[in-house]
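Chain letters run A, B, ... following the sequence lines, proteins first and then strands; every chain starts at 1.
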There are 2 protein chains.
Amino acid sequence: MAKVHTIWTVLAVFDPADPASPPDSRFKPLSRDGLVDRVANLLAEAIMAGRILPGARLSESTIARDMGVSRAPVREAARLLESSGLVEYRTNRGFFVQTVSSEALDNLYEFRIVIERAAIARLVAQGAEATLPLLHAQLAELYRVAEAGEDMAQQVEADMQFHRLICRGSGNPRYLTVFDQIANETKLGLILIGRMYDDPHRMAETHEPIIDAIAAGDSDAAVSAIDYHIGTARTLVCQQFRLLEDKTAK
Amino acid sequence: MAKVHTIWTVLAVFDPADPASPPDSRFKPLSRDGLVDRVANLLAEAIMAGRILPGARLSESTIARDMGVSRAPVREAARLLESSGLVEYRTNRGFFVQTVSSEALDNLYEFRIVIERAAIARLVAQGAEATLPLLHAQLAELYRVAEAGEDMAQQVEADMQFHRLICRGSGNPRYLTVFDQIANETKLGLILIGRMYDDPHRMAETHEPIIDAIAAGDSDAAVSAIDYHIGTARTLVCQQFRLLEDKTAK
DNA sequence: CTAATGTCGATTGTCGACAATTTACTTGAC
DNA sequence: GTCAAGTAAATTGTCGACAATCGACATTAG
């Protein structure tokens, strides 16, 4: 898989295994992304950081003026974000930040369970030697973020990266592309809640059984572990979100 | 789920359950789609019909001239198609029809098994009363297409519609959106092969066990049936495609 | 007072033109 | 003849302008 020009690739952190970047190059491969990608990046960042709230209209002219570009790249960037689930487009009405509901979140988590179960089973089946070190590193990052008391967005990002690695290591790139799509929508919901777990350290710990099962090469245990992990998150997140909905309703 | 402005919705046949169309209106709700949607539709049709082959470059200016529009809507339409997997975009180089390989097809089918297994289980679990008649109607359509000796594209379309109904009836809209994405890419491969089964009638028959299991409310049997059905198609299609690859290689 | 209808401001939809980049070709040296 | 560099043609990237459309408010009939 060469370079894929979709927004979730843009959003993803630097991927060291990307064959497009020569490992021994002494120069940073200065961004060859066009304006569209940069605009999309900026927009996505603003949305995920919660600076633009779900349901809000994205005025093309305003954004174009603020960023100092014309409307054409803004429109294309918005279309890009649409396919990543961050933005919704209504004909003759413009782009809107995707709204989230507890029901949509629940559906999202249900679907994540389905694909991550399959991904982790495949990962174990074909050997996880290459992926395991990455998972351990990401687990360390989860702890670091927890201890350092980083903000919500960073915690969510670290967690998502962990699950992303599993999909990436599955060997079937389809798991990764689909995961990246729905991950963005999940993030949107989590940002809105404002917190994921009361105890970030505890949150990091819940990833341990998953790694253990993968390391042991126990496919069934791995599936159970990820099932439990995401299932727990699902319950918690949807519960929190329903609370939020009730509060804003009254 | 109201109206979704993504290409696979545009491509899908008229959806009688769409709440946006008042049933008692005496007027056909003349298409409110913008130029972009129509261009995307035309492009997708040309690609799926095999008039533009995988790997081919989509010249913006040529398309714009042929369709009698400017390049802006063409670009946006292409971006739309990109998210549906039909087209690939390369910076400063333009849009290309997505190439398919036997490996990619195999990954696609593997993924389809994963999500359709989950979708059909959910469908049975929550009651398939509403979906069953639709499935039966679609099965009839499969037979009709087979007997009438319709062309390849129509056979593929009829088959895909059947599976689409299962995802649609699952109750979790996510199954449908993801299915629609990957369905387009699958079609691309099937068109290239030029035939799906030697015996279209036999192909229609293989859907019977799936319906039977759903009608019986037997979740496990339904999962097994869909598993076997797609698994068989996977083997056949990938085998055919590998043959095709070998032929073009030498 | 209610509910249609008309009007206006703002925003999106589309376009043609120009700038930047890539690709194909030509030229030349070895 | 092969490879390299340089140049030209074609194509994409971006822009600003104008047309089409929408939503909100004012208006008017009942």
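Sorted by residue number, the members of residues 60-71 of chain A with any non-hydrogen atom under 4.0 Å from DNA chain C read A:Glu60, A:Ser61, A:Arg71.
Protein atom CD of A:Glu76 is 13 Å distant from nucleotide atom C1' of C:dT14, rounded to whole Å. In this structure, A:Leu35 atom CG and C:dA19 atom C1' are separated by 13 Å, rounded to whole Å. When rounded to the nearest whole Å, the span between OH of A:Tyr89 and P of C:dT11 equals 16 Å. In this structure, the CG atom of B:Leu58 is 13 Å from the P atom of D:dG13, given to the nearest Å. Distance CZ (B:Arg93) to P (C:dA24): 11 Å, rounded to an integer number of Å. At whole-Å resolution of the value, CG in B:Asp37 and P in C:dT12 are 17 Å apart. Rounded to an integer number of Å, the gap from CG of A:Asn92 to C1' of C:dT12 is 7 Å. Rounded to whole angstrom, the span from the CZ atom of B:Arg90 across to the P atom of C:dT22 amounts to 13 Å.
In B:Glu103, the CD atom is not crowded: 12 or fewer heavy atoms of neighbouring residues, nucleotides or ligands sit closer than 6.0 Å.
Here the side chains of B:Glu110 and B:Ile113 are not in contact, with every heavy-atom distance at 4.5 Å or above.
For B:Ser102 and B:Glu245, the side-chain atoms include at least one donor-acceptor pair closer than 3.5 Å. In this model, no donor atom of one side chain and acceptor atom of the other lie less than 3.5 Å apart for B:Glu82 and B:Gln98.
When distances are taken from the side chain of A:Pro73 to each of C:dG13, D:dC15, D:dG13, the shortest belongs to D:dC15.
Residues passing the salt bridge (charged side-chain N to carboxylate O under 4.0 Å, His left out) test with A:Arg75, sequence neighbours excluded: A:Glu60, B:Glu76. For B:Phe179, there are no ring-ring contact (aromatic ring centres under 6.0 Å, His included) partners, not counting sequence neighbours.
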